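Structure, as structure tokens:
Predicted, not measured: the structure shown is a model, and the values here were computed from it.
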Amino acid sequence: MTSSEDTVISDGYSYEDEWWEENCSIIPPEFNRLMLVGVVGAVIAFISVCFNTFLFVVLWRNPRHRHSHLVYLMFLSVADIFLSAAYILLFSVNLYMDYFASELLAAAWWSYMRIMITISHVFISTSAFLICAAAFERYITISKIACQFARHHRLIIICACICIAIIAKGPMYFEVEVVPNANCTGVTSLTAMPSNFSESEPYKTAYKFWFRNLLTVALPFIMCFYLNFAIMHRLRIQHLGAKLFRFATSEHRQNIRAATLMLVAVTCSYLASNLLNVIVYTWELVDKESLLSENIRPLYTLSSDLVSLLTVVASACRLPIYLVCNARIRCEVLDYVDTCVLTHLNIKPYTGLGSKRCRATTVRYCDTGSGYMIYDTKQETEVIPSPVAPNKRGERRVRSVGTGLDRVVLSVAMGNIKASQSSAHLTVPLNSSVMIIQEE
């Protein structure tokens with residue numbers, strides 16, 4: 001064998017090694033990225049799955065919530081369950097697959113990768129649309145806008161949110177193809193490639209970039225930002241008005257305010273978690289090529305990881321937000337823990353844990369003969385008997401919460417109400433037809 005042949009063989013081996021190193025070698029994840037996505041992200045996603053599953057069970061077991069504004073939160077918890085589980089299966093498992101060079105994890109990951117990416121993006125968009133719908137209904141509620149469609153057709157609105165999310169993100173399943181990676185074996189035996197139709201025009205530019213990103217990223221962010229600002233501005237005006245009419249201590253007003261502040265907190269968490277996503281999208285819109293440069297690409301990768309992580313963090317924070325801001329949900333959660341969890345585990349409940357129950361304030365406007373008066377009762381949830389027992393005449397005593405000025409205001413505002421809809425006494429018969437206004 002001549003020296004030239006040795007050089008050719010040597011060069012051949014060198015080329016083959018270089019090709020294998022570039023296409024088939026396993027690149028282990030960096031330690032910081034492994035800790036951020038594989039450990040911290042997986043733990044937060046698991047907590048989010050547990051929290052939102054628990055929240056869905058608590059809300060579902062009370063039939064009243066299926067016909068109130070809390071139905072948005074019920075379906076939002078379902079969306080959070082799926083997107084948090086998808087985070088573990090997509091991001092964490094992918095890092096573990098490369099870190100441990102596990103062929104078993106690789107075979108599993110490539111088998112569900114396409115469907116899980118589609119599901120996660122569909123539910124991310126669904127959760128954004130649900131938050132927008134809930135914020136819009138809360139805005140028209142506190143603004144006293146006569147729009148009954150949002151209240152009476154909540155399930156239709158929820159189905160519309162899901163359908164729009166499927167239209168925008170459903171085709172992602174067909175935009176990626178899993179194909180063999182040349183002659184590679186083991187973990188790198190398969191690879192993902194964009195399908196031909198996903199790279200064709202005008203689908204790539206008109207649908208993928210403009211329609212999808214504007215509909216699922218920019219539009220929900222702008223809507224939530226505007227509605228959140230408008231709700232807080234409206235709350236400030238009502239708070240100043242409440243001081244004038246001495247309604248600041250009224251419990252039904254506090255319930256409305258608590259429900260509104262809860263939604264404001266949820267919307268703020270969504271805005272905070274998606275701010276980075278909007279920044280990255282804007283950068284891609286202006287100069288996408290610079291994000292793929294050697295200097296900027298590590299930052300781009302880190303930003304993409306943080307966008308997914310912040311979405312899961314926002315999902316995990318929803319239950320704590322509800323517990324802090326909404327006394328009704330807090331009482332139902334404590335009641336469920338007391339009756340269903342601690343009882344089954346034969347653990348003595350914490351003192352006072354079962355004594356606190358959720359109460360809804362019902363406000364009644366009654367004509368006393370000398371003007372309208374405002375009364376309220378404490379009406380508990382369906383699982384708890386009413387604490388206001390009727391007397392022998394079948395009447396239930398109620399408490400006045402109005403002032404003298406309130407009588408004048410109500411008399412003017414309700415002057416056209418029929419006499420049959422009002423009571424003639426300070427006591428309210430159980431079967432009377434007084435007007436009941438209950439707001440949550």
Q: Enter the distance from T188:OG1 to E103:CD here, rounded to the nearest 0.5 Å.
A: 9.0 Å
(Q) Ring-plane angle category for F82 and F123, please: parallel below 30°, perpendicular beyond 60°, tilted otherwise. (A) parallel
Q. Taking atom CD of E30 as the centre, does the number of heavy atoms from other residues, nucleotides or ligands within less than 6.0 Å exceed 12?
A. no
Q. In Å and rounded to the nearest 0.5 Å, what is the CD1 to CG distance from I329 to L319?
A. 8.5 Å
Q.
Between S48 and N52, do the side chains contain a donor N or O and an acceptor N or O under 3.5 Å apart?
A. yes
(Q) Would you call the rings of F100 and Y96 parallel, tilted or perpendicular, taking 30° and 60° as the class edges? (A) tilted
Q: Could you tell me whether a side-chain N or O of R114 sits under 3.5 Å from a main-chain N or O of V176, the two making a donor and an acceptor?
A: yes
Q. Between T191 and N181, does any side-chain donor sit less than 3.5 Å from a side-chain acceptor?
A. no
Q) Does T311 offer a backbone N or O that forms a donor-acceptor pair with the side chain of Y270 under 3.5 Å? A) no
(Q) More than 12 heavy atoms of other residues, nucleotides or ligands under 6.0 Å from CZ of F56: yes or no? (A) yes
Q: May I ask you to test the T267-M232 pair for a side-chain heavy-atom distance under 4.5 Å?
A: no
**Q.** More than 12 heavy atoms of other groups within 6.0 Å of F229 CZ
**A.** no
Q: State whether the number of non-hydrogen atoms from other residues, nucleotides or ligands found under 6.0 Å of M35 atom CE is greater than 12.
A: yes
Q: Take atom CZ of R61 as the centre, draw a 6.0 Å sphere, and report whether it contains more than 12 heavy atoms from other residues, nucleotides or ligands.
A: yes
**Q.** R138 and R234: CA distance, side-chain angles, deciding distance, side-chain contact (heavy atoms from CB on, under 4.5 Å) verdict
**A.** CA-CA 11 Å; R138 182 52 47 179; R234 197 70 189 174; over 6 Å; no
Q) If you measure from CG on L275 to CZ on F225, what distance do you get to the nearest 0.5 Å? A) 10.0 Å
**Q.** Y226 atom OH, over 12 foreign heavy atoms within 6.0 Å
**A.** no
Q: With side-chain contact (heavy atoms from CB on, under 4.5 Å) as the test, would you mind laying out the steps for K204 and F209 before giving the verdict?
A: CA-CA 7 Å; K204 180 179 179 180; F209 189 78; over 6 Å; no
Q | Shortest non-hydrogen contact from Y87 toward L36 | A | OH-O, 4.5 Å
Q. Looking just at side-chain N and O atoms, do E332 and Y322 make a donor-acceptor pair shorter than 3.5 Å?
A. no
Q. Around F174, counting heavy atoms of other residues, nucleotides and ligands shown, do more than 12 lie under 6.0 Å from its CZ?
A. no
Q. Under 6.0 Å from the CD1 atom of I27, do we count more than 12 heavy atoms belonging to anything else shown?
A. no
(Q) For P202, is there any backbone N or O sitting under 3.5 Å from a side-chain donor or acceptor partner on T205? (A) no
Q. Looking only at heavy atoms, which two atoms of C325 and L261 are closest? And how far apart?
A. SG-O, 4.4 Å
Q | Shortest non-hydrogen contact from I81 toward V49 | A | O-CG2, 3.9 Å
Q: Determine the minimum heavy-atom distance between P171 and I166, stating which atoms define it.
A: CD-O, 3.7 Å
